[in-house]
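Heads up, the thing below is written out as structure tokens.
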Amino acid sequence: MKRILPPSELGIPRFAMGPGSFVDFQGTLHFAVNDEDGRRGLWRSTGTDAGTTEVKGFPATAGTWTPLLSQLTATPAQLFFQAPDATHGAELWVSNGTTAGTRMVKDLTPGVEDSYLTHLTAAGSTLVFFKETYDATASATRYELWRSDGTDAGTVRVRDFGTGVDVSYLDAKQGNALQFFVRELQGATSLWRTDGTSAGTFQLKRLDAGPDTYPNDVRPTGAQTLFKLDEPSGLQELWKTDGTAGGTVRLASFGSTRGMRVLGALGTYAYVTTTSYSTQYMVIYRVPLTGGNPEPVVTLPNDYASQGEAFPYIDAVSQVPGGKKLYFAVAIGSNGPAPRDTQLWVTNGTAGGTTLLRRPLSLSDEYSSPVYAAADNLVFFSAYQVTDGIEPWVSNGTVAGTRRLKDIAAPAQGGSSYPREFFRLGSRVYFSAYDDTLNAQLWSTQLSNACVAPEDAQ
């Protein structure tokens with residue numbers, strides 16, 4: 001579409017950052033651009049060359065590395081993000097989509113020192129987030145929950161969780177509330193929620209009393225969130241929550257002889273995979289969301305199971321909200337850092353409706369394929385061919401309808417465009433790809449073209 005970044009000095013296509021942190025703000029794509037020379041920028045695009053413009057640029061700051069412009073988070077009227085400048089370091093910024101209306105919200109860590117902000121989430125018109133600060137006295141991280149309405153006075157601390165807990169990087173948004181996990185360093189793990197107010201910030205449920213228990217695979221799906229809880233004994237628990245204490249329940253437990261991963265929910269069932277550590281075969285199970293025993297659906301093939309280390313694991317999962325299909329990438333491990341094989345699968349929750357769509361995807365240990373369901377019958381990903389390397393692909397959920405979208409990178413550029421961050425807005429899907437400009441640039445395709453016409457990205 002538009003050349004935004006100059007040629008990369010790294011010369012390694014898979015390491016090129018390119019445009020990212022895509023977000024829909026008031027019906028227009030907004031995104032971050034981080035140049036190798038330290039310059040940063042907030043950009044917007046309408047899907048055309050002329051309509052792709054910089055909202056605000058941030059010059060490179062002193063030092064060997066400038067923090068990234070990142071974590072774009074949209075409320076109905078404001079776009080929040082973190083960005084650096086020479087006077088304040090990396091802090092919280094807000095924009096109304098114009099250059100004049102883009103400004104720093106508050107210097108949360110006064111002076112040039114950076115603030116480390118996480119979990120930026122829109123709770124209605126309010127932003128909620130965590131400020132993490134290293135406490136030298138306690139030799140631990142202090143976790144503080146904050147909220148902001150986009151003004152200095154309206155950016156305040158909601159709760160100080162102190163230094164005696166760890167707040168997981170995993171979270172989920174349900175309605176206008178953020179759900180997050182708090183683990184006491186020598187004790188219980190609990191699920192919390194916040195809407196940005198003191199009264200609306202509380203523990204939903206204590207999940208486990210013992211130390212060294214960790215959440216994993218947090219997957220929002222419709223009006224509920226599925227997640228996995230790993231215990232030190234090796235036991236793995238499947239949980240669901242609807243954002244209430246009564247609706248936060250354990251659905252099933254899986255033993256230590258196999259690895260479990262969460263796929264998502266279809267209808268009245270949650271779906272997980274388990275992989276036996278001894279046989280190295282992966283099985284899809286369904287678990288009733290109302291409670292009941294796990295039921296096997298189908299065992300996936302593993303051509304390498306008898307050839308030493310060949311453990312299958314889930315590399316990516318994607319589902320359209322309310323959709324009737326789950327798309328997921330399976331990688332099969334090896335004795336080295338790179339996988340033996342990578343595969344894209346789709347399931348509707350039945351054995352007959354579980355289909356291998358494409359293999360291999362990326363076999364690199366430094367780049368894995370994104371999987372992005374833009375519609376129930378349209379998924380974007382990347383795949384490898386000897387003739388053209390790793391390029392963007394699309395599938396309508398059938399083997400016959402799975403094809404390369406476009407050969408973007410020329411052989412002189414290494415033969416692969418390494419697509420990243422597929423994102424649908426309206427009738428277009430945007431992504432970043434390394435092209436003949438010798439850097440990763442913004443690309444897009446019409447959904448209608450992706451469905452029916454090959455070679456039509458632009």
Side-chain angles (χ1 to χ4, degrees), residues 21 23 25-26 30 32 42 56 58 67-85 87-98 100-138 140-184 190-204 243:
S21 195
V23 68
F25 177 53
Q26 298 182 342
H30 285 70
L42 173 66
K56 183 174 179 63
F58 294 79
L68 301 180
L69 191 153
S70 61
Q71 302 193 79
L72 275 64
T73 306
T75 66
Q78 298 182 104
L79 175 61
F80 291 88
F81 58 98
Q82 187 166 15
D85 69 15
T87 304
H88 307 97
E91 293 294 346
L92 182 67
W93 285 67
V94 70
S95 177
N96 64 1
T98 69
T102 303
R103 54 181 172 76
M104 190 182 73
V105 177
K106 190 183 187 85
D107 193 0
L108 294 167
T109 305
V112 297
E113 185 178 352
D114 301 327
S115 288
Y116 185 62
L117 311 180
T118 62
H119 299 278
L120 272 67
T121 304
S125 60
T126 301
L127 179 79
V128 296
F129 61 96
F130 274 89
K131 179 176 181 284
E132 301 182 15
T133 308
Y134 180 73
D135 188 318
T137 303
T141 298
R142 176 177 296 278
Y143 295 90
E144 299 175 352
L145 177 66
W146 287 67
R147 72 168 182 261
S148 177
D149 63 1
T151 68
D152 186 314
T155 302
V156 297
R157 186 173 64 188
V158 178
R159 184 186 179 100
D160 183 1
F161 281 85
T163 58
V165 303
D166 176 69
V167 177
S168 171
Y169 70 95
L170 297 168
D171 62 28
K173 181 183 178 184
Q174 277 194 348
N176 286 326
L178 169 68
Q179 298 172 349
F180 57 97
F181 299 88
V182 177
R183 182 178 64 89
E184 299 170 16
S190 301
L191 177 65
W192 285 65
R193 62 96 69 187
T194 182
D195 61 3
T197 67
S198 297
T201 301
F202 53 86
Q203 177 183 298
L204 279 175

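In this chain, residues are counted from 1 in sequence order.
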If we ignore hydrogens and angles and just use 3.5 Å, is the side chain of Lys173 paired with the main-chain N or O of Ala122 as donor and acceptor? yes
Whether the Gln174 and Gln179 side chains hold a donor-acceptor pair (N or O, under 3.5 Å, no angle test) is what I'd like checked. yes
Does either side chain, that of Asp85 or that of Thr87, offer a donor lying less than 3.5 Å from an acceptor on the other one? no
Does one side chain, of Tyr143 or Asp166, offer a donor that lies under 3.5 Å from an acceptor on the other? yes
Do the two ring centres, one from Phe130 and one from His119, sit under 6.0 Å apart? yes
Would you please say whether a donor-acceptor pair under 3.5 Å links the side chains of Trp146 and Glu144? yes
For the pair Ser21 (side chain) and Leu72 (backbone), establish whether a donor and an acceptor sit closer than 3.5 Å, ignoring hydrogens and angles. yes
Tell me whether the NZ or CZ atom of Arg159 lies within the 45° cone about the ring axis of Phe161 and under 6.0 Å from its centre. yes
Just checking, any donor-acceptor pair under 3.5 angstrom between side chains of Thr141 and Glu132? no
Option among Thr102, Leu42, Thr73, Leu127 that satisfies the side-chain contact (heavy atoms from CB on, under 4.5 Å) test with Leu79: Leu42
Exactly one of Lys106, His88, Gln82, Met104 should register a side-chain contact (heavy atoms from CB on, under 4.5 Å) with Trp93. Which one does? Met104
Residues at least two apart in sequence or cross-chain that pass salt bridge (Lys or Arg N to Asp or Glu O under 4.0 Å) with Lys56, listed by chain then number, are none
